[in-house]
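Quick notes on the structure that follows.
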Amino acid sequence: MAINRASEILGSKVLVAGAGVSGPGAVRLILRLGGKVTVADGRPEALEALRETVVVSEGESARESITTVSVDAARESFTAPGAVDLVVTSPGWRPDSPLLLAAAAVGVPVWGDVELSWLADQEGCFGSPRTWLAVTGTNGKTTTTAMLADMLSSGGLAASACGNIGVPVPDVLLAEPRVDYLAAELSSFQLHWAPSCTPHVGVVLNIAEDHLDWHGSLAAYTAAKAQVLTGDVAVVGADDVAAVALLGNAPAPTHVSVTVAEPKRAQLGIVGGSLVDRAFVDEVETNAGDGTAFYEAARVRPAGPAGQTDALAAAAMARAVGVSHQDIAAALDGFKVAAHRAAEVATINEIAYVNDSKATNPHAARTSLLAGGMRVWIAGGLLKGASVDELVAEVAPVLRGVVLIGRDRAEIAAALSRHAPQVHVVELPSGDDNDTSEAAPERDSQSVMDSAVRTATELARPGDTVLLAPAAASMDMFTNYGHRGDSFVAAVAALEGEEDR
């Protein structure tokens, strides 16, 4: 029996593909809905960890309710009719994964954990439906989502950040006390696997080449992002041409945009150094055309146009559900920037060291590279199909030197040769060139980062910045971007320790 509604999971057989971050929450939700769960993963230790995590939260009886199998065994199960009624996949699993293709071949539906959560919530399986506010875009998602969650809470709403920001959506649905407002960071992967999800308020911050190896094309990647604009209120970054194009076709009845320039009607922007709302204002007020100024732009953190765009987008979403300008300002006052986002690590001998490991694509790296002053750029990793030519051509004038690491460093080196031949470039072998597994961390990643920081320091001059802004994903050498950023911080600390001797 193929499953079409969350309420139909009762008594059905559900295969959860992947025992990673989203797996435990999906299993818990399925068990609460009365389903029988089998979890497939190629890592025995991950399967055991998932089982123990679920048992801790659901009780010892849950142990007997969960079956674990290898991916190959799960794929073979589709040859037996009726063995699986539904597959719930981890968002990172590509549509062409053999397991998911096997499910599609026999007509078994495939949902992501966000789709599972949306359907269960909208059916009222766990009380009245929540209000979903979804944030997506190539860059700025996490900062905007965190700002939004703070604004909702500041306004007295029971809210939680969730999704790609770290807390899986199923866990928020099951949380006690109840959460009524979901500030959900949704990646293109999550949106691809959640075709029914139509959040009440959605924002697309920007669109740039990213994850093309997963989606197959920029058009498919963009289409996934556009899904958040299908609810009641659609918000986009007006300074991004691709995002603006999406707004014109968005089915949401209310369209709003944000800009770091002076805003027009139905926009939030900046006037006279202040964030101003000209979208959610009382039209009968005599000053409605001027809008409402609610925060000093220079006080926004992270500083600069990117951080201001994130703050304006979060404010637009919060205003859409009735949060006051005063509560939004209070939230921005207390906002703390997350780690690995253009964080100043140290200054040694008049050379600044900045960790922007979260810059996992060229569009993200651009902001830090053009933040002012000359840069020695540490870059490289997995480009995921993205081109770096446009970025390199634009930032060439601010590059003192470049140190390249990671599997796709040769592609960046080639772009530098074409567009910045005057820049000194050093490539550091990382030992992963023959490793075809994107998930396998480089065993000696710290020594590579140590060498990268030392080499960059040798290229830098007083007043320069050594910047880790890889423009690429981290999984060729590191567990994730956080691991990569921590490695950079450790390398700088070691350098600083030598200077103190």
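- Of the listed residues (L133, L191, V203, V236), just one forms a side-chain contact (heavy atoms from CB on, under 4.5 Å) with V228, and that residue is L191.
- The environment of CD in E390 is sparse: at most 12 heavy-atom neighbours from other residues, nucleotides or ligands sit within 6.0 Å.
- Salt bridge annotation for R63-E52: present, with a cationic side-chain nitrogen under 4.0 angstrom from a carboxylate oxygen.
- Residues F126 and L33 form a side-chain contact, since some pair of their non-hydrogen atoms from C-beta on lies under 4.5 Å apart.
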- What's the verdict on side chain to side chain contact (heavy atoms under 4.5 Å, CB included) for L416 and L404, showing C-alpha distance, side-chain angles and the deciding distance? CA-CA 11 Å; L416 286 160; L404 298 175; 4.2 Å; yes

- Query: So F78 and L15, side chain to side chain contact (heavy atoms under 4.5 Å, CB included) or not? Walk me through it.
  - Reply: CA-CA 10 Å; F78 289 110; L15 175 67; 3.9 Å; yes

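- Distance alone, capped at 3.5 Å, is enough to place a donor-acceptor pair between the T79 side chain and the E76 backbone.
- No donor-acceptor pair under 3.5 Å is formed between the side chain of R418 and the backbone N or O of V392.
- In this structure, OG in S153 is found 9.0 Å from CG in L148, a value given to the nearest 0.5 Å.
- Side-chain atoms of T145 never come within 3.5 Å of backbone atoms of A183 as a donor-acceptor pair (strictly under, hydrogens ignored).
- With values rounded to the nearest 0.5 angstrom, C162 atom SG is found 8.0 Å from L173 atom CG.
- Note on residues 194-206: pairs passing side chain to side chain donor-acceptor pair (under 3.5 Å), not counting sequence neighbours, are E115-S196.
- Side chains of R484 and T360: a donor-acceptor N/O pair is absent below 3.5 angstrom, by distance only.
- D240 and L205 get closest at one heavy-atom pair: CB-O, 4.0 Å.
- The aromatic rings of H215 and F189 lie tilted to each other, with the angle between the two planes from 30° to 60°.
- Minimum interatomic distance between P24 and V54 (heavy atoms only, all atoms of both residues): O-CG2, 3.9 Å.
- Within 6.0 Å of atom CZ in R366, 12 or fewer heavy atoms from other residues, nucleotides or ligands are found, so the atom counts as exposed in its surroundings.
- Side-chain contact between V87 and L99 is absent, with no heavy atoms from C-beta onward closer than 4.5 Å.
- S487 places no side-chain N or O within 3.5 Å of a backbone atom of H483 that could act as its donor or acceptor partner.
- Between atom CG of residue N139 and atom OG1 of residue T144 there is a gap of 10.5 Å, rounded to the nearest 0.5 Å.
- Checked against V27 for a side-chain contact (heavy atoms from CB on, under 4.5 Å), the options L31, I30, L29 give a single hit: L31.
- For the atom pair CG of D121 and CZ of R130, the computed distance is 5.0 Å after rounding to the nearest 0.5 Å.
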- Task: Would you sort out whether L370 and E394 count as a side chain to side chain contact (heavy atoms under 4.5 Å, CB included), showing the intermediate values?
- Result: CA-CA 9 Å; L370 296 177; E394 183 178 10; 3.5 Å; yes

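- A donor-acceptor pair under 3.5 Å is formed between the side chain of K13 and the backbone N or O of G82.
- N164 places no side-chain N or O within donor-acceptor distance of the main-chain N or O of S187, the cut-off being under 3.5 Å.
- In terms of modelled atom types and a separation under 3.5 Å, the side chain of R341 and the main chain of A339 share a donor-acceptor contact.
- Note: Y353 and F488 have tilted aromatic rings, judged against thresholds of 30 and 60 degrees for the angle between ring planes.
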- Message: Before you tell me yes or no, could you show the steps for V453 and I378 under side chain to side chain contact (heavy atoms under 4.5 Å, CB included), namely the whole-Å CA-CA distance, both residues' side-chain angles and the distance that decides it to 0.1 Å?
- Response: CA-CA 8 Å; V453 169; I378 300 177; 4.2 Å; yes

